S.K.: 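Sharing a structure below in structure tokens format, with a few things to ask.
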Amino acid sequence: MRTEEGWTPSPGGLVRALWPMLRETGGTWVGWSGEPSSADSTPEGFHVDGVDLLPVPISASELELYYEGFSNDALWPLYHDALRESTYDVDQWEAYRTVNERFAVTLANVAPEDSVVWIHDYQLQLVPAMLRAQRPDLTIGFFLHIPFPPVELFRRLPWRDDVIEHLLGCDLIGFQRPKDVANFAACATDLLHVDHHDGIIENPDHQTRINVFPISIDVEEVEEMAAGRATRQRMSRIRTRLGDPEVVLLGVDRLDYTKGIGLRLRAFAAALEEGRLEAGRHVLVQVATPTREAVEHYQDERAQIERLVGEINGRFSSIGTPVIHYLYQTLPYDELVALYRAGDVMLVTPFRDGMNLVAKEYVASHIDGDGVLVLSEFAGAAEEMVDAVQVNPHDDQALQDAIVQAVEMHRHERRERMAGLRSRLQGSDVEGWANHFLTALRTTR
Ligand code: GDG
């Protein structure tokens with residue numbers, strides 16, 4: 001992305017995990033710059049903080065067809081339990097192919113002989129085979145950040161065989177959960193009749209390994225930020241401005257229909273209605289980060305959530321003390337960490353989520369050893385975060401009960417659960433995740 005200081009990589013755990021490695025190994029980061037440009041342009045590579053960056057151009061119309069269209073209006077809903085109807089459009093598919101081919105050609109041109117290429121996420125699923133066809137010397141890995149759907153759903157995709165065939169161009173494919181590995185194996189064997197045994201798929205000229213690599217966060221960085229004086233001051237300022245409530249409940253999500261924001265708001269309102277929670281004593285802060293605003297499902301979701309916030313505040317607030325504080329904004333990361341620290345109860349209630357890093361960031365921020373995480377069973381993070389209050393977000397009553405249980409939880413139990421969550425998280429940070437994947441990838445050949 002472009003800032004006043006020039007081009008910098010978008011902040012985030014992935015960048016933080018891979019940057020030091022790329023700097024050490026002299027690797028190149030190939031990606032979209034974040035701004036549309038002519039598809040024929042050949043952008044210059046540049047060097048930032050010891051790493052070579054090479055932008056791949058994507059035009060405004062490709063963004064609409066490839067990114068907003070095929071990636072986020074066909075694949076994203078399909079891969080998340082078909083929570084919304086997917087649009088299957090042949091022009092979007094063609095644009096997806098074209099952009100994937102452009103990435104493959106760019107990579108084929110820059111990758112040194114016999115080097116390792118690591119491709120990320122659902123927007124680039126065709127790149128592996130396209131790249132292998134041009135550069136069989138390369139070792140190719142792919143990590144899917146979102147769930148891989150069960151075969152009954154995946155079958156709906158008109159280009160289902162192409163997607164699997166192209167992913168099988170990899171030497172290693174990493175997934176978040178064992179279920180994603182099983183779903184992918186079932187799709188590959190059912191649709192393409194390939195031979196699969198012990199996490200290895202046999203292709204005519206190579207093997208593809210499939211395995212689980214649950215992603216994590218930069219635990220140390222979040223902890224350091226949480227411990228800082230500025231964060232502590234910010235945290236107490238937040239609580240004061242919220243009217244010093246007994247319990248601050250918190251939600252932080254991209255405003256995405258997979259995240260279950262509406263359900264959570266309704267469960268909170270129902271608990272107020274039934275007198276299990278009380279305005280003034282209990283306050284909910286919901287940060288909803290703007291995302292994919294050009295896609296209709298996202299516009300609808302935003303309108304529904306904002307109406308709901310208005311209804312609930314209208315019904316339960318008094319002047320100067322709303323029950324829900326709603327921010328449709330992207331906050332600076334240090335402010336987010338202060339909010340995590342200020343949150344006594346964190347609500348992470350997606351219908352489906354590859355992992356969910358917010359849950360991990362909340363736990364890392366709670367260096368005080370207190371705080372309760374309410375976590376959907378349908379987040380990938382639920383596999384590891386067994387000390388959270390886990391809940392089926394489709395069950396209104398169970399969700400309301402989980403929220404009330406978290407609010408009323410005795411200090412002793414809160415601390416015990418948080419200790420369990422924190423000790424598991426300490427042992428699995430994003431650097432370990434990246435090392436684990438790359439070591440597995442390097443040993444595939
Ligand atoms: C995909 C998968 C998987 C959020 N609001 C703000 C902000 N954020 C940051 C959080 C967190 C990240 O965005 C969100 O990560 P999640 O994992 O929760 O969700 P997705 O964006 O859907 O990510 C997911 C992930 O990939 C990684 O593999 O876990 O399942 O869907 O880091 O902190 N950051 C800032 N301001 C905000 O307002 N600065």
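Only heavy atoms go into these numbers, but all of them, side chains included; no hydrogens, no water, no symmetry mates. All values reported here derive from a predicted model rather than from experimental measurement. Indexing begins at 1, ligand by ligand and atom by atom, following the structure's order.
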S.K.: For Val287, is at least one N or O under 3.5 Å away from an N or O on ligand 1?
M.R.: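 No, no N or O pair falls under 3.5 Å.
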S.K.: Which ligand 1 atoms does Gln176 reach within 4.0 Å, using its non-hydrogen atoms?
M.R.: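 Those of ligand 1 that fall under 4.0 Å from Gln176 are 3 (C), 28 (O).
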S.K.: So which bit of Arg254 gets within less than 4.0 Å of ligand 1, heavy atoms only: side chain, backbone, both or neither?
M.R.: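 Looking at Arg254 and ligand 1, just side chain atoms fall under 4.0 Å.
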S.K.: Would you check the N or O atoms of Thr330, main chain and side chain alike, for any that come under 3.5 Å of an N or O of ligand 1?
M.R.: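 Between Thr330 and ligand 1, no N or O pair is found under 3.5 Å apart.
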S.K.: Using a strict cut-off of 4.0 Å, indicate which atoms of ligand 1 neighbour a heavy atom of Leu331.
M.R.: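 Heavy-atom distances to Leu331 below 4.0 Å select 35 (C), 36 (N), 37 (C), 38 (O), 39 (N).
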S.K.: When only distance counts, is Thr289 in polar contact with ligand 1, meaning an N/O pair under 3.5 Å?
M.R.: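 Yes, Thr289 has an N/O under 3.5 Å of an N/O on ligand 1.
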S.K.: Would you say Ser317 and Asn313 are linked by a side-chain donor-acceptor pair, where the criterion is simply a distance under 3.5 Å?
M.R.: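 Side chains of Asn313 and Ser317: pair found under 3.5 Å.
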S.K.: Looking only at side chains, do Asp73 and Thr87 share a donor and an acceptor under 3.5 Å apart?
M.R.: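 Their side chains do contain a donor-acceptor pair, which is all the 3.5 Å distance test asks for.
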S.K.: Answer side chain, backbone, both or neither: which part of Val358 comes under 4.0 Å from ligand 1, heavy atoms only.
M.R.: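 Both of them.
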S.K.: Say you draw a straight line from CD1 of Ile210 to NE2 of His196; how long is it, rounded to the nearest 0.5 Å?
M.R.: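 These two atoms lie 4.0 Å from each other.
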S.K.: Please check if the distance between the ring centroids of Phe378 and His394 is under 6.0 Å.
M.R.: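 Yes: the rings meet the under 6.0 Å criterion.
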S.K.: Answer side chain, backbone, both or neither: which part of Asp253 comes under 4.0 Å from ligand 1, heavy atoms only.
M.R.: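 Contact part for Asp253 vs ligand 1: neither.
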S.K.: Less than 3.5 Å between some nitrogen or oxygen of Met355 and one of ligand 1, yes or no?
M.R.: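 Yes, Met355 has an N/O under 3.5 Å of an N/O on ligand 1.
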S.K.: Closer than 4.0 angstrom, basic N to acidic O: yes or no for Arg424 and Asp387?
M.R.: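 Salt bridge flag = no for Asp387 with Arg424.
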S.K.: Just checking Tyr79 against Phe148, ring centres under 6.0 Å apart?
M.R.: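 They qualify: ring centres under 6.0 Å apart.
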S.K.: Among pairs that include at least one residue of residues 259-271, which meet side chain to side chain donor-acceptor pair (under 3.5 Å), considering only residues two or more places apart or in two chains?
M.R.: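 Applying side chain to side chain donor-acceptor pair (under 3.5 Å) to every pair that reaches into residues 259-271, excluding sequence neighbours, yields Asp253-Arg264, Lys259-Asp353, Arg264-Gln286, Arg264-Thr349.
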S.K.: Show the atoms of ligand 1 that are less than 4.0 angstrom away from any heavy atom in Gly354.
M.R.: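 Numbered from 1, ligand 1 contributes 30 (O).
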S.K.: Quick one: does ligand 1 sit under 4.0 Å from the side chain of Asn356, the backbone, both or neither, non-hydrogen atoms only?
M.R.: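 Contact part for Asn356 vs ligand 1: both backbone and side chain.
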S.K.: Which atoms of ligand 1 are found less than 4.0 Å from any heavy atom of Ile215?
M.R.: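 Answer, ordered by atom number: 27 (C), 28 (O).
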S.K.: Quick one: does ligand 1 sit under 4.0 Å from the side chain of Trp76, the backbone, both or neither, non-hydrogen atoms only?
M.R.: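 Side chain only.
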S.K.: Provide the number and element of each atom of ligand 1 under 4.0 Å from a heavy atom of Gln329.
M.R.: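 Taking each heavy atom of Gln329 in turn, ligand 1 has 38 (O) under 4.0 Å.
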S.K.: Does Phe143 have any ring pair (Phe, Tyr, Trp, His ring centres under 6.0 Å) partners at least two apart in sequence or in another chain, and if so, which?
M.R.: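 In terms of ring pair (Phe, Tyr, Trp, His ring centres under 6.0 Å), with neighbours along the sequence ignored, Phe143 is linked to His145, Trp433.
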S.K.: Take atom CD of Glu431 as the centre, draw a 6.0 Å sphere, and report whether it contains more than 12 heavy atoms from other residues, nucleotides or ligands.
M.R.: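 Open.
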S.K.: Between the candidates His145, Lys360, His120, Lys259, which shows the shortest non-hydrogen contact distance to atom 3 (C) of ligand 1?
M.R.: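 Comparing heavy atoms across His145, Lys360, His120, Lys259, the nearest one to atom 3 (C) of ligand 1 lies in His145.
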S.K.: When the ring centroid of Tyr298 is compared with that of Trp76, is the distance short of 6.0 Å?
M.R.: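 Here the rings of Trp76 and Tyr298 have centres that are no less than 6.0 Å from each other.
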